[in-house]
Amino acid sequence: MRSEELHETLLPKRLALPIFASDPLSSVAYATQEILLVLTLGGLAYLHFTPWIAAAVVALMTVVVLSYRQVVHAYPSGGGSYEVVSTNLGPSAGLVVAASLLVDYVMTVAVSVASGVDNIISAIPELADHRVLLALGFVALLTAMNLRGVRESGRAFAAPTYLFIGGVLIMVITGLIRYALGDAPVAESAKYGITAAPSDAHLTGLALLMLVLRAFSSGCTALTGVEAISNGVPAFRKPKPKNAASTMAAMGIIAIVMFVGVTTLALITKVHITGDSCRLTGLGTDCSSYTQRTVIAQIAASVFGGEHSVGFYFIQAATALVLILAANTAFNGFPLLASILAQHRYLPRQLHNRGDRLAFSNGILALAIVAGLLLWGFKANVTSLIHLYILGVFTAFTLSQLGMVRHWNRALRSRPDPALRRRHEVARVINAVGSVVTGLVLVIVLATKFTEGAWLAVLAAIVLWVMMRGIRRHYDATAAELAVTDPKSELTLPSRVLGIVLVSTLHKPTLRALAYAHAFRPDLLEALTVSVDREEAATLRERWEEYGIDVPLKIIDSPYREVTRPVVEYVRSIRRESPRDVVAVFIPEYVVGRWWENLLHNHSALWLKSRLLFTPGVMVISVPWQLTSSAHADRPAARAPGSFRRGEPQGQVGTRRR
């Protein structure tokens, strides 16, 4: 797609919802399960805390959605939490948010795909041994879809997301109607008891409080991805802020309704689930070989009439699809944020490049590689991965709300209009409440999950923060070093240009290099060869004189058979003798058409170039000689995603067109 077609990729709300909100919408498939898994550590006695924990999660989601609607209107240029915090709390705090979000986006892909694979295995247990392979395959599929562009991926992902929403709502309504009519559905695990974990039996006081807080922090996975809409405002159609805010409100309402419905049915059907199957009592089979179905799978089976019903398979298929596609939220958020960071010189500039389909292809590929490594390292196990999750997102929530409070304070000082001041004061209250609530949740998540594996996410964010600071220092130092300070002195011509043609043998490429060097008209020109075999050097000298070449040939003896070092030392010796002279080194190179032919040619030339480029005052000039095989490659080069393409800041697209 041409750069001018960027406006054609802007999204209507019906496509923006599945693209940017599939993560929080799909999290209802495992958020309730995570609450139950923690509470059942103490046996069945503590399941009565589930409604209260779910209510706390709903209240938190409401506050966060309202808060981020303020961000959408105040900072519509994209960047979300990163831009808010950088503008109001400073660049260092902004980098904390950026590092936390980048880590969380990676975890979104890993957890969503692993959870989707779990639901596939719930329907087809025979696939359990292929868990990791399935997960990696789905990451590859998502990568390919996103490389096609945001709009194309939105069309592909919209149907599964809406099918999942419709399926879950139908399941919830059906289950509640059956319950109201006295025919309450019963889960397959309702008949099993659960033995409390040895460390969590008969909890009281502080230990019980920690168990409840840990369950709450696990249930907060329902909030992951909420900020993605604020990051992607520039991808919406006009009016961008209004459409983004409406989409965020729709996402919040739908997610809350589904989460409450699934949690209610889990309690009605008496789903009993635990992290260790051997803690289930009454199995009547080998516990080590028993595969527990997910909570949503058990609910679907009980509501729709068994594990072989059409409704069960529909819910499982839709859940698996939407969970896998929920990673698409990260595939949109990560490249966008990485592009903005690259534009601000905190990440490599390549991450700002757009590919053929106007997607930030390098960011998409980077996300896929890191998430794939995580899935492989943790064997696509949701329970292991979930502990590394949500810490980053609550860091971003808390700091962004603090930033928004400062933003409204600044706005109130310059807004005399009473009506506008009232709106700003209401917005400030919303963001202040949001910062306090999410800050408390961040402390809870950190306290309850740190030793369970969250320390890895903290460490990754710290390393990323340090790395981004280092990249910025490098770019700043490079810019300062390259800046023009005195144009007249820096345009001073060299005293002389000394040309050196490197010669290995006397053939057509050598003669072309000599002719090209002559065309340069250097003040002095000589040919240089390294003698690793005296007989070959003597033969070269004879042929040189026989052909009557008027360029003097200098032979450097190399008793240790080295080629690179004698050439580099000779060139440096010229520079030491005449520091104001420029040395132009001409290197004949073969051009081949097949990849394997590159393995057979040009290694000496590449190594020489890499060494000579570090020598000040030396220019290295390649003189190509096209071999016959290069003829079939005389066509436009294969286009790698994102390679050698410049990006355009998302926030400037609309402004530039206006």
Side-chain angles (χ1 to χ4, degrees), residues 13 16 20-21 24 55-94 96-98 100-101 220 222-223 225-234 236 238-256 340 393-445 651 654-655:
K13 287 178 284 187
F20 290 111
V57 171
V58 168
L60 179 62
M61 181 176 287
T62 303
V63 170
V64 170
V65 169
L66 289 174
S67 298
Y68 268 93
R69 278 172 56 87
Q70 310 301 322
V71 174
V72 165
H73 286 291
Y75 293 90
S77 60
S81 300
Y82 166 69
E83 184 178 356
V84 171
V85 176
S86 297
T87 303
N88 296 287
L89 301 181
S92 294
V96 171
V97 169
S100 301
L101 284 177
C220 287
L223 277 76
V226 169
E227 81 292 339
I229 291 176
S230 66
N231 291 337
V233 177
F236 283 78
K238 297 178 181 179
K240 296 174 185 288
K242 180 180 178 182
N243 288 336
S246 299
T247 304
M248 181 166 283
M251 176 270 296
I253 293 169
I254 295 170
I256 287 172
I340 293 170
V393 77
F394 275 100
T395 302
F397 286 167
T398 303
L399 290 177
S400 68
Q401 302 317 306
L402 283 173
M404 286 301 296
V405 171
R406 177 168 289 187
H407 167 82
W408 296 125
N409 287 340
R410 189 182 300 115
L412 284 168
R413 286 196 294 269
S414 59
R415 296 289 192 277
D417 180 48
L420 192 59
R421 287 182 63 84
R422 280 195 296 272
R423 287 200 296 270
H424 287 348
E425 286 169 353
V426 171
R428 183 175 62 177
V429 170
I430 292 173
N431 288 129
V433 172
S435 66
V436 172
V437 172
T438 54
L440 288 173
V441 175
L442 176 61
V443 173
I444 293 169
V445 170
T655 304

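Residue numbers run from 1 in the order of the sequence given. Every value quoted in this text rests on a predicted model; they were computed, and no experiment measured them.
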Any residue meeting side chain to side chain contact (heavy atoms under 4.5 Å, CB included) with [X], in chain and number order, not counting sequence neighbours:
X     : result
Thr87 : Tyr75, Glu83
Ala93 : Val85, Leu89
Pro91 : Tyr346

Among all residues two or more places apart in sequence or in another chain, which pass the side-chain hydrogen bond (donor to acceptor under 3.5 Å, both in side chains) test with Ser92? Arg469

So, for [X] and [Y], which heavy atoms are closest and what is the spacing to 0.1 Å?
X      : Y      : result
Ser86  : Gly94  : OG-CA, 3.3 Å
Ala396 : Val97  : CB-CG1, 3.9 Å
Leu60  : Cys220 : CD2-SG, 3.7 Å
Ala244 : Val72  : CB-CG1, 3.6 Å
Arg69  : Met248 : N-SD, 3.7 Å
Ser81  : Ser400 : OG-CB, 3.6 Å

Can you list every pair that meets side chain to side chain donor-acceptor pair (under 3.5 Å) and has a residue in residues 245-256, with sequence neighbours left out? none

Show me the pairs that pass side chain to side chain donor-acceptor pair (under 3.5 Å) and involve residues 426-443, at least two apart or across chains. Thr398-Thr438, Gln401-Asn431, Trp408-Asn431, Asn409-Arg428

Side chains of Val441 and Phe397 in contact at under 4.5 Å (non-hydrogen atoms): no

Is the shortest side-chain heavy-atom distance between Val437 and Val64 below 4.5 Å? no

Exactly one of Glu425, Met404, Gln70 should register a side chain to side chain contact (heavy atoms under 4.5 Å, CB included) with Ile430. Which one does? Gln70

In this structure, CG of Leu412 is separated from NE2 of His407 (nearest 0.5 Å) by 9.5 Å

